[in-house]
Amino acid sequence: MSGARVHDSVPHTARPPRPRRGALLAGSVGNFVEWYEFGVYGYFATVIAARFFTPVGGGETEGLVRTYASFALAFFFRPVGAALFGRLGDRIGRRPVLILVIALMTGATTLIGVLPTYATAGALAPWLLTFLRVVQGLSAGGEFGGAVSVMTEFAPPGRRGLYGSWQSFTVALGLLGGAGVAALLATVLTEGQLSDWGWRVPFLLTLPMGLVALGLRLRLEETPAFRHEGRRERPPGREVARAVVLGAGRVMGWSAAGYTFLVVLPSYLQNTLHTGFRQALLVTVVANLGFAATIVPAGLLSDRMGRRPVLLTGAGLVVALSVPLLNLLQDTGTSNAVKGLAVFGAGAVVGLMAGPGPAMLSEMFPTSVRHTGLGLAYALSNAVFSGCAGLIITETMKRTGSVDIPAYYAAATCAVSALALATLPDNRGS
């Protein structure tokens, strides 16, 4: 199962262009909302640490570590959500589950924007925030598997890579949206206003976004593949488990490098290199622009060349370039233009993995277990290598004093991921 070329035995006449476009839009908009929020939490990590996780007299670094611990906890509930909602999606259909998870995500994120802080509610405040992060983790776990299943099951022949890449592209748009809103607020508000109430605005903006996403998903059709094959006999559990572990290994580099360069970077720049909040966000916007620029071309290229060469190229470039990139950022003599080009390139090489990644995972599982299988593989990888990225990097730097830890982390995970990617079959044109 994990190495075979996948063909859904559904007549292509059952996949007219209009439902395809609707599937791309409905799947994409939920991903945008999800990753907008996760980006916002990462970008405002230093503010959230001060407002929720740093009692009077507490240290800045300790508060940031607690903030990333809450961030990581939400990611560890993603596999639970992937298993729970994935099983529902493989039994009752992709559509109803996607409607449910976007409602949960929207509600939890909006509530974060009205939470009392530590100064108001004391020790209850971080617990309330962590609870809402858990709800987000559960819903996000069901989101990826359902959205990618919908996109790839509606894809025309030879276009799974292109269609699946839209999941990753809307991740980039969500992260860019979060960074853009954060940068705008940092520009128009004073530091005091931003810390006092401005940080709430990005979370509250999730409500109208989520309502739009919900409306689109209510109009979504069920996929032809699920209608024809969804209730077929499921493969043995041991076989599915092996494919899940292999899939997690194949995307671990994408997960770790993506969060290191696209989400954790602002806090690293502020706390380690003493960069201002606005400049750190601007750097992150540039990195995410590089990420967005290569995703769809990489997905399209994987339809022509196969998934393996494109994914291996991305992983190999991260291994080779992570340390030189970080050294450029650390060097006070490096011009801003060169630094901007460097972080743009860092985002671009992550995009080479993110473009073909969804289709690659989708092709590892038959329709009857696809929502569960690809969702679990992605969620497990994200729980360990994305959700823990900020915590691992911050704590390791604190203990070792090395400022190169982010580069080592991204390079090491991509090196291991490359070994798993080397086992990929030739899925060209599938």
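Side chain of S195 to backbone of E191: no donor-acceptor contact under 3.5 angstrom is found. Formation of a donor-acceptor pair under 3.5 Å by the T372 side chain with backbone atoms of V369 is not found in this model. A distance-only check finds no donor-acceptor pair linking the side chain of R370 to the backbone of S149 [under 3.5 Å]. S362 places no side-chain N or O within donor-acceptor distance of the main-chain N or O of P358, the cut-off being under 3.5 Å. The backbone N or O of V171 sits nowhere less than 3.5 Å from a side-chain atom of N31 that would complete a donor-acceptor pair. Although no hydrogens or angles enter the test, the distance criterion places no donor-acceptor pair under 3.5 Å between the side chain of N288 and the main chain of L175. Side-chain atoms of T294 come within 3.5 Å of backbone atoms of A348 as a donor-acceptor pair (strictly under, hydrogens ignored). One N or O on the side chain of H371 and one on the backbone of G142 form a donor-acceptor pair closer than 3.5 Å. Put simply, the side chain of D303 gets close to the backbone of L162: a donor and an acceptor are under 3.5 Å apart.
Atoms CG and CG, on L352 and L311 in that order, are 9.0 Å from each other to the nearest 0.5 Å. Rounding to the nearest 0.5 angstrom, the gap separating the CD atom in E153 from the CD atom in E222 is 8.0 Å. A distance of 5.0 Å separates CG in L421 from CG in L312, rounded to the nearest 0.5 Å. Atoms CG and OG1, on L282 and T187 in that order, are 9.0 Å from each other to the nearest 0.5 Å. With rounding to the nearest 0.5 Å, the separation of CG in L124 from OG1 in T117 is 11.5 Å.
Taking all atoms of both residues into account, the shortest heavy-atom contact from T260 to Y409 is OG1-CD2, 3.5 Å. Here the shortest heavy-atom pairing between A140 and M105 reads CB-CE, 3.9 Å. Considering all non-hydrogen atoms of both residues, V318 and A257 come closest at CG1-CB, 4.1 Å. Nearest heavy-atom pair across S255 and S386 is O-OG, 2.9 Å. For M151 against G27, the heavy-atom pair with the smallest separation is CE-C, 3.5 Å. Q193 and V188 make their closest contact through OE1-O, 4.5 Å (heavy atoms, listed as atom of the first residue, atom of the second, distance).
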Audit row: Q167, S28, side chain to side chain donor-acceptor pair (under 3.5 Å) steps and yes/no
CA-CA 6 Å; Q167 189 281 334; S28 299; over 6 Å; no
Tell me, with the steps shown, if L24 and V150 meet side chain to side chain contact (heavy atoms under 4.5 Å, CB included).
CA-CA 8 Å; L24 280 179; V150 163; over 6 Å; no
Start with the C-alpha distance between E143 and R217, add both sets of side-chain angles, then the distance that settles salt bridge (charged side-chain N to carboxylate O under 4.0 Å, His left out), and finish with yes or no.
CA-CA 12 Å; E143 169 68 32; R217 288 188 171 179; 2.6 Å; yes
Please determine whether side chain to side chain contact (heavy atoms under 4.5 Å, CB included) holds for the pair F44 and L194, giving the CA-CA distance in whole Å, both sets of side-chain angles, and the decisive distance to 0.1 Å.
CA-CA 10 Å; F44 282 101; L194 194 66; 3.9 Å; yes
Determine whether T313 and M353 satisfy the following criterion, side chain to side chain contact (heavy atoms under 4.5 Å, CB included), listing intermediate values before the conclusion.
CA-CA 8 Å; T313 298; M353 294 182 283; over 6 Å; no
Intermediate values then yes/no, side chain to side chain contact (heavy atoms under 4.5 Å, CB included), L325 and V343
CA-CA 7 Å; L325 162 69; V343 295; 4.3 Å; yes
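At a threshold of 4.5 Å between non-hydrogen side-chain atoms, the residues V181 and Y36 count as touching. Inter-residue side-chain proximity for S168 and W254 is flagged as met; some heavy-atom pair is nearer than 4.5 Å. Between I102 and L98, every side-chain heavy-atom pair lies at or beyond the 4.5 Å cut-off. In this structure the side chain of Y378 reaches within 4.5 angstrom of the side chain of R78, judged on heavy atoms. Side-chain contact check for F53 versus T130: some heavy-atom pair is nearer than 4.5 Å. Contact annotation: the side chain of M364 never approaches that of L374 to less than 4.5 Å [non-hydrogen atoms, C-beta and beyond]. For the pair F131 and L128, the minimum side-chain heavy-atom distance is 4.5 Å or more.
When only modelled atom types and interatomic distance are considered, R95 and T223 share no side-chain donor-acceptor pair under 3.5 Å. Side chains of S302 and R307: a donor on one and an acceptor on the other come within 3.5 Å.
When each of V251, L376, T152, V244 is tested with L361 by the rule side-chain contact (heavy atoms from CB on, under 4.5 Å), just one qualifies, namely V251. Each of T394, T396, L326, L329 was compared with P406 under the side-chain contact (heavy atoms from CB on, under 4.5 Å) criterion, and only L326 meets it.
Note on ring orientation: taking the six-membered ring where Trp is involved, the planes of W199 and F203 are perpendicular (angle over 60°, cut-offs 30° and 60°).
Ion pair E37/R133 flagged as a salt bridge, since at least one NZ, NE, NH1 or NH2 atom sits closer than 4.0 Å to an Asp/Glu carboxylate oxygen.
Annotation: cation-pi geometry not satisfied between R51 and Y118 (NZ/CZ under 6.0 angstrom from ring centroid, within 45° of ring axis).
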